[in-house]
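Let me begin by presenting the structure, written as structure tokens, before commenting on it.
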Amino acid sequence: LVMGRAVAAARAVRALTSPNPWVGAVVVTRSGAYEAATAPPGGPHAEIGALRLAADAGDDAAGATLYTTLEPCAHTGRTAPCVDAIAAAGVARVVVGVIDPDPAVSGRGVAALERAGIQVRVGVLADEVEAQLAPYLKHRRTGRPWVVLKLAATLDGRTAAPDGSSRRITAAVSTGA
């Protein structure tokens, strides 16, 4: 599945794109498929990266299908809107994993693509993309970070003895020892 390739591309850059979400995209043209992921801040988003790879290979994206794990942006930030580049390249169809809940994007990317006459399908591998982007999606939906913490502490809230020495405060079965 092509969207699976986009998910894999995003997985490869998970810790490298903050504060941007880690997104993967694949452009499928008549001649081939070109995949990319979001670059570090200020660099191209996944959709632009995939379109550039196709252009660098001398492949025309007119009539192509673009698969992307997250709704393409329709606003200007550090980079220009992805939807403008997608439309300018002549992409005919965009397949999206999930809608971006960021208020600057949420539904606007899909609407802009449809206004440009591009067919849009949303929800392909949505469960997998939701799981992959869970920290980003939670932050955008709630304003709170995705935090996972497992902490062992004594009843008085300590994690070490007062003199700084370490003593076991959990059972061996809990630590795997």
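What you see is a predicted model, and the numbers here were worked out from it, not measured in a lab. This chain uses plain numbering: 1 for the first residue, then up along the sequence.
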Sort out for me which residue in V83, L66, T29, T65 forms a side-chain contact (heavy atoms from CB on, under 4.5 Å) with V91.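 Going through the options one by one, the only one that passes is L66.
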Identify whether [X] and [Y] are in the same connected component of the hydrophobic contact network (ILVMFWY, side-chain heavy atoms under 4.5 Å).
X: V122; Y: I118; result: yes
X: V95; Y: V27; result: no
X: V26; Y: V120; result: no

I'd like to check [X] versus [Y] (side-chain heavy atoms, cut-off strictly below 4.5 Å). Are they in contact?
X: H45; Y: V23; answer: no
X: T38; Y: P21; answer: no
X: V28; Y: V2; answer: yes
X: L137; Y: P101; answer: yes
X: P145; Y: P135; answer: no
X: L70; Y: V96; answer: no
X: H75; Y: R108; answer: no
X: C82; Y: I48; answer: yes

Do any N or O atoms from the side chain of [X] and from the backbone of [Y] form a donor-acceptor pair under 3.5 angstrom?
X: W22; Y: A9; result: no
X: E47; Y: T68; result: no
X: E71; Y: G109; result: yes
X: S106; Y: D102; result: no
X: S31; Y: D59; result: no
X: R5; Y: Y67; result: no

Roughly how far apart are H139 NE2 and R144 CZ, rounded to 0.5 Å?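 Spacing of NE2 (H139) from CZ (R144) equals 10.5 Å.
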What heavy-atom pair brings [X] and [Y] nearest, and what distance separates the two atoms?
X: T69; Y: A10; answer: OG1-CB, 4.5 Å
X: S18; Y: P41; answer: O-CG, 3.1 Å
X: A126; Y: G97; answer: CB-O, 3.6 Å
X: R140; Y: P19; answer: NH2-O, 3.9 Å
X: A39; Y: T17; answer: O-CG2, 4.0 Å
X: A37; Y: V13; answer: CB-CG2, 3.6 Å

Any salt bridge linking E130 with R141? Criterion: basic side-chain nitrogen under 4.0 Å from a carboxylate oxygen.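 A salt bridge links E130 with R141.
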D56, CG: over 12 other non-hydrogen atoms inside 6.0 angstrom: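 For D56, atom CG is crowded (more than 12 foreign heavy atoms under 6.0 Å).
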Hey, are N20 and Y136 close enough side-chain-wise for a donor-acceptor pair under 3.5 Å?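 Result is no, nothing qualifies.
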Residue pair R121, R93: steps toward the side-chain contact (heavy atoms from CB on, under 4.5 Å) verdict: CA-CA 8 Å; R121 179 174 175 206; R93 183 171 175 242; 4.1 Å; yes
With side-chain contact (heavy atoms from CB on, under 4.5 Å) as the test, would you mind laying out the steps for Q119 and V94 before giving the verdict? CA-CA 6 Å; Q119 180 187 9; V94 175; over 6 Å; no
